[in-house]
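Presented below is the structure to which this report refers.
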Number of protein chains: 2
Amino acid sequence: MKGTKVIFDNDKLHYSSELMRALAHPLRLKILEFIDENQSINVNKIYSNLDIEQSITSQHLKILRMSGVLSVEVTGKWHVYYINYDVINKVEKAITRFKNKNLA
Amino acid sequence: MKGTKVIFDNDKLHYSSELMRALAHPLRLKILEFIDENQSINVNKIYSNLDIEQSITSQHLKILRMSGVLSVEVTGKWHVYYINYDVINKVEKAITRFKNKNLA
DNA sequence: CCAAGGTCTTAAAATATCAAAATAGAAAAC
DNA sequence: GTTTTCTATTTTGATATTTTAAGACCTTGG
């Protein structure tokens, strides 16, 4: 390796992998896609349209909230979720990080 | 919702989430980044440069191989790994799928 | 052939994730 | 103020992932 300095930002690696872990579930991808299609939407519409149990939906929403991918606005009874597209961009960057970096 | 048809390609959702799950670990991101920086590289150099145990490295390489993100070419003793950038592109697309689709 | 080097596999223990069901909380409707 | 509606939390059991340590499998060099 002719003295290659291998320096990695471990915090970044952990953060990136946490974001990906938050996305790495079919139901969560489904939920995200549905929210994206509807701009922002309340929980009832999510689980009734996607036919997921309320409790399970809520738990996945929590994981997405904790990771920062989703945010919620509470208006009375309704919890309206929306996507933090800047966080999505971070995930994208974490992936394009090792994408053809050295090729062309 | 005015009669919104909610159609999801479940196979695609599963495939996408599997790819993301393969990436969703700090060591695997580290390994990928290192391979990307070096175009392709054998296992010994990976674990010695990244200071990960050989066995752990091998197991994470297996996960990345199984997911399709990495491929390996065996030449004698050496196993040379390289990134399948087309698979990386698929992950990227799975993410850009819900990225500002409705905004601007 | 034998030893050494390079990598993979297996097995076990610790940890994390998941679904399911039940319960809790908070706001609105009555 | 009680009930209903909407959502979140907790708990439990099942399953999956991760690490660790040990051993197995090839290949090359002597």
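Side chains are part of it too, since the values below use all heavy atoms of this structure and drop only hydrogens, waters and symmetry mates. Quick note on labels: first sequence line is chain A, next is B, and so on, each numbered from 1.
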Under 4.0 Å from any heavy atom of chain A: name the first and the last nucleotide of DNA chain D that qualifies, 5' to 3'. D:dT5 to D:dT11

Is any side-chain N or O of A:Arg28 closer than 4.0 Å to OP1 or OP2 of C:dT17? no

Within this structure, what is the CD1-to-P distance between A:Ile56 and C:dA21, rounded to whole angstrom? 8 Å

Test side chain to side chain contact (heavy atoms under 4.5 Å, CB included), reference A:Leu27, set A:Leu50, A:Ile63, A:Ile52, A:Thr57, output is A:Ile52

Backbone N/O of B:Leu13 and side chain of B:Ser16: donor-acceptor pair under 3.5 Å: no

Counting just side-chain N and O atoms, does B:Asn42 come under 4.0 Å of either OP1 or OP2 of C:dT7? yes

Residues, nucleotides or ligands: over 12 heavy atoms within 6.0 Å of A:Asp9 CG: yes

Exactly one of B:Asp36, B:Ile46, B:Ile31 should register a side chain to side chain contact (heavy atoms under 4.5 Å, CB included) with B:Ile41. Which one does? B:Ile46

If only side-chain N and O atoms of A:His25 are considered, is one of them under 4.0 Å from the OP1 or OP2 phosphate oxygen of C:dA19? yes

Report which part of the nucleic acid B:Thr57 touches: base, sugar-phosphate, or nothing (heavy-atom distance under 4.0 Å, all strands). nothing

Rounded to whole angstroms, how far apart are CG on A:Leu27 and P on C:dT17? 16 Å

Roughly how far apart are B:Leu64 CG and B:Gln59 CD, rounded to 0.5 Å? 12.0 Å

Main-chain N/O of B:Arg21 paired with A:Arg21 side-chain donor or acceptor, under 3.5 Å: no

Nearest-Å distance, CD (A:Gln54) to C1' (C:dA20)? 12 Å

